[in-house]
Amino acid sequence: MSYEQSHLYRLRHSAAHLMAQAVSELYAGAKLSIGPPIENGFYYDIDFPEPFKEDELVKVENRMRELANLKQPITRRVVANKEEARALILNGHKPEDEPYKLELLDAIPDGEEVSFYDQRAIDKQGKERSFVDLCRGPHVENTSEIKAFKLLSVAGAYWRGDVKNKQLTRIYGTAFETKDELEQYLHNLEEAKKRDHRVLGRELGLFMFSPRVGTGLPLWLPKGATLRHVMTDFLQKEQVKRGYEPVVTPHIGNIKLYEKSGHIQTYRDKMFPFMEDEEKETYILKPMNCPFHIEIYQAQMRSYRDLPVRYAEFGTVHRYEQSGEVTGILRARGFTQDDAHLFVTPGQLQEEFIGVVDLMQTVLKKLGLKDFRARVGTKDPGSDKYVGHDDNWTAATQAITDACDQMQMDYEVSPGDAAFYGPKLDLMIKDALGREWQMGTVQVDYNLPERFELEYVGEDSKPHRPVMIHRAPFGSLERMIALLTEQFAGAFPFWLAPTQIAVLPIADRHNEAAIALSDRLKDTTYDTRALRVEVDDRRESLNKKIRENQRMKVPYMLILGDKDLEAGTVGVRDREKGDLGAMTVESFLSNL
RNA sequence: GCCGAUGUAGCUCAGUGGUAGAGCAGCUGUUUCGUAAACAGCAGGUCACCGGUUCAAGUCCGGUCAUCGGCUCCA
């Protein structure tokens with residue numbers, strides 16, 4: 001049974017109504033809009049006459065409890081027509097008091113059933129308490145079923161999700177069948193916070209931010225920088241195998257290039273302020289790498305025999321994200337895309353797209369990510385933010401879905417989630433707090449080749465227009481590292497761990513042997529790279545060294561004391577399994 | 001950007017208008033240790049910043065900045 005059909009879903013929906021009833025009683029003039037159940041709870045968007053503060057949640061909660069205890073039966077009422085519905089919404093109020101509900105009513109197509117949910121009861125003072133809401137339902141049968149609930153937070157939310165509309169106050173809450181389940185959920189939330197990449201990023205020494213550098217501009221620390229290198233090494237090797245060629249391009253470029261690409265027109269408000277030189281030329285900090293790669297493509301005549309051309313670059317870009325949306329390295333203002341642009345003939349598009357999907361599947365497998373979904377972002381017909389001809393959009397969308405079908409990649413089509421220049425396939429994954437983020441992406445682009453008048457000479461000696469594929473299997477190194485950190489709770493798999501092995505001498509007299517062991521390990525190649533080893537020769541107890549290396553999630557600790565020097569062994573401790581006992585270095589290495 | 005919240009030592013946090021505190025980390029000394037914190041001492045602060053109220057502000061009020069949750073937007 002799906003969540004939408006479950007009793008829990010109805011319970012949460014009813015909890016939203018109960019909250020609306022409490023709010024209506026407590027705040028005269030509060031206008032209700034919508035209040036649906038969501039993945040982990042519910043919310044209700046309300047237009048309050050005065051700002052609603054978070055500390056008022058307790059008051060609302062208490063009132064909800066009182067109303068729940070009245071054991072109000074919840075009944076469904078279907079009205080005959082919109083006039084009757086209108087009267088029921090207004091219930092003696094003026095139309096301007098119920099603008100949102102009336103708008104919702106107007107949006108219901110004629111002929112469709114219009115239903116209301118009604119809950120009412122007589123309280124101890126003999127007064128009738130009631131609440132009627134325009135609603136499709138379904139609901140539970142009685143408000144007394146709503147026992148385990150909690151209001152969580154207050155947020156602003158635009159009416160109908162449109163910034164041009166008024167911002168309403170959204171109150172988030174959650175409800176469960178039992179108090180235990182509620183407690184468990186709240187406990188899990190606390191646990192999830194410990195996995196937050198911002199917390200682990202600091203504890204593990206991966207990256208930092210400084211107010212003296214700027215919002216959303218991460219500083220990569222040695223351990224984090226190592227992680228980046230391991231990831232880029234891996235991907236680079238995969239790409240070389242698949243015929244990609246590396247390129248490197250600057251961080252800034254002349255604005256004219258970006259005017260031609262269309263970025264300035266569509267992207268201006270997301271770009272850092274422009275720079276002007278003494279000759280009055282304007283430069284921009286690049287928000288995307290594509291125009292530079294296009295310049296490289298265009299620098300010479302291209303034959304159909306040269307195609308596909310695949311230019312790859314770990315390109316650092318800067319985007320001026322709104323202050324409220326910067327989130328650690330999940331959403332930074334400076335980040336590095338594992339970018340590549342493929343210039344292909346229309347006939348090669350399908351095969352190349354499949355090749356990219358195959359690369360992505362390889363990457364996901366290596367990273368150990370399973371819990372993701374694929375989304376095909378298509379054009380929202382109602383929006384004017386897109387560039388390019390409809391025919392090309394249709395062909396590109398077809399190419400994407402065909403490739404996915406052939407690669408047996410399950411996907412959902414999501415209108416409105418295309419890039420401004422073309423449709424795309426995105427890989428979506430959730431972070432520790434359950435928020436979904438886009439990681440890898442492949443985008444088909446007929447638009448930029450046209451804007452830049454890209455050509456190749458075909459078999460017929462005539463010029464033809466190539467198609468471009470933009471793709472980034474990680475998406476960005478920053479976001480991918482954030483997501484991996486949260487997925488693994490900081491305990492990266494061995495091949496990825498910034499420090500793979502810590503050598504722990506028990507006493508000072510073992511330091512020399514520890515360093516020798518470390519040197520030997522560093523000369524050992526694992527997964528095409530030298531092993532990453534650290535010696536912990538601080539004058540601390542063994543227990544303390546173990547504790548701290550355990551906290552740093554180092555996969556293996558090699559402990560070296562008198563017994564080992566004598567026997568020619570090391571004490572091996574596994575991050576998960578604990579003490580594995582003494583063994584020779586050879587047998588340790590062969591088990592890696 | 002907008003709505004709400006938070007900002008005290010490197011980190012986690014206490015401090016209820018009257019002389020800024022703890023644990024961990026750091027430093028110094030002692031300890032040389034076999035699988036998750038040895039012991040002792042020392043040092044560490046413009047209580048985010050600016051302004052106001054008050055005899056007196058970490059504490060009350062206003063503004064700014066940063067961070068956190070959400071909306072919109074995005075890799």
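Residue numbering restarts at 1 for every chain, and letters A, B, ... go by the order of the sequence lines. Just so you know, these numbers come straight off a predicted model, no measurement behind them.
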When we call it a touch if two heavy atoms are under 4.0 Å apart, what does [X] touch: a base, just sugar-phosphate, or nothing?
X      : answer
A:E321 : base
A:R435 : sugar-phosphate
A:G161 : sugar-phosphate
A:N549 : nothing
A:M480 : nothing
A:S323 : base
A:K193 : nothing
A:A155 : base
A:L433 : sugar-phosphate

Do we see a donor-acceptor contact under 3.5 Å between the side chains of A:D562 and A:H510?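 Yes, side-chain donor-acceptor contact under 3.5 Å.
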With no hydrogens and no angle check, just 3.5 Å: does a side-chain donor-acceptor pair link A:E313 and A:T249?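 Checked: A:E313/A:T249 side chains pair up, N/O donor to acceptor below 3.5 Å.
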Suppose we define a pair by two distances each less than 3.5 Å, Watson-Crick or G-U wobble; what does [N] pair with here?
N      : result
B:rG4  : B:rC68
B:rU59 : none
B:rA22 : B:rU12
B:rA36 : none
B:rU53 : none
B:rA43 : none

Enter the distance from A:T441:OG1 to A:M428:CE here, rounded to the nearest 0.5 Å.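 It comes to 9.5 Å.
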Does the distance from a Lys or Arg side-chain N to an Asp or Glu carboxylate O, for [X] and [Y], drop under 4.0 Å?
X      : Y      : answer
A:K193 : A:E190 : yes
A:E238 : A:K366 : no
A:K194 : A:E191 : yes
A:E39  : A:K430 : yes

Starting at NZ of A:K53 and ending at C1' of B:rU6, how long is that distance when rounded to a whole Å?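 For the pair A:K53 NZ and B:rU6 C1', the rounded distance is 14 Å.
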What is the distance, rounded to the nearest whole Å, between atom CE of A:M208 and atom C1' of B:rA66?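 Answer to the nearest Å: 14 Å.
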Listed nucleotide nearest any side-chain atom of [X], set [options]:
X      : options                : result
A:R331 : B:rC74, B:rG4, B:rC33  : B:rC74
A:E54  : B:rA5, B:rA37, B:rA75  : B:rA5
A:R509 : B:rA75, B:rG69, B:rC33 : B:rC33
A:S476 : B:rC11, B:rC73, B:rA75 : B:rA75
A:K270 : B:rA36, B:rC73, B:rG69 : B:rC73
A:T215 : B:rC74, B:rA25, B:rU67 : B:rU67
A:Y172 : B:rC71, B:rG69, B:rA75 : B:rC71
A:E540 : B:rA38, B:rG69, B:rA75 : B:rA38
A:R170 : B:rG34, B:rG70, B:rC74 : B:rG70

Please confirm whether the shortest side-chain N or O distance from [X] to OP1 or OP2 of [N] is below 4.0 Å.
X      : N      : answer
A:N543 : B:rU35 : no
A:S541 : B:rA37 : no
A:K194 : B:rU12 : no
A:R202 : B:rU12 : yes
A:K424 : B:rA75 : yes
A:R198 : B:rG69 : yes
A:Q438 : B:rA75 : yes

ring-ring contact (aromatic ring centres under 6.0 Å, His included), that's the test. Do A:F42 and A:F149 meet it? Break it down for me. CA-CA 10 Å; A:F42 62 88; A:F149 66 89; 7.8 Å; no
Please lay out, stage by stage, how A:F48 and A:E56 fare under the test side chain to side chain contact (heavy atoms under 4.5 Å, CB included). CA-CA 13 Å; A:F48 283 92; A:E56 296 172 62; over 6 Å; no
Whole-Å [atom1] distance, [N] and [M]:
N      : M      : atom1 : result
B:rU16 : B:rA48 : P     : 15 Å
B:rU59 : B:rU8  : C1'   : 11 Å
B:rC42 : B:rC60 : P     : 34 Å
B:rC61 : B:rG7  : P     : 13 Å
B:rC49 : B:rA43 : P     : 24 Å
B:rG17 : B:rG58 : C1'   : 11 Å
B:rU19 : B:rA37 : P     : 39 Å
B:rC71 : B:rC13 : C1'   : 31 Å

Within 45° of the ring axis of A:F474 and under 6.0 Å from its six-membered ring centre, is that where the NZ or CZ of A:R479 lies?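 Verdict for A:F474: no cation-pi partner in A:R479.
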With RNA chain B as reference, determine whether A:T441 or A:V326 sits nearer its 5' end, using the nearest nucleotide of each.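 Taking each residue's closest nucleotide, the earlier one in sequence belongs to A:V326.
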Would you mind telling me which residue lines up with the more 5' stretch of RNA chain B, A:V154 or A:D417, judged by nearest nucleotide?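 Going by which nucleotide is closer to the 5' end, it is A:V154.
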Considering only heavy atoms and no angle criterion, is a donor-acceptor pair shorter than 3.5 Å present between the side chain of [X] and the base of [N]?
X      : N      : result
A:Y320 : B:rG1  : no
A:D564 : B:rG34 : yes
A:R479 : B:rC74 : yes
A:E325 : B:rU72 : yes
A:R573 : B:rA36 : yes

Would you say the base of B:rG4 stacks on A:F52 (centre-to-centre below 5.5 Å, plane angle below 30°)?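 It does not: the two rings, one from A:F52 and one from B:rG4, miss the stacking criterion.
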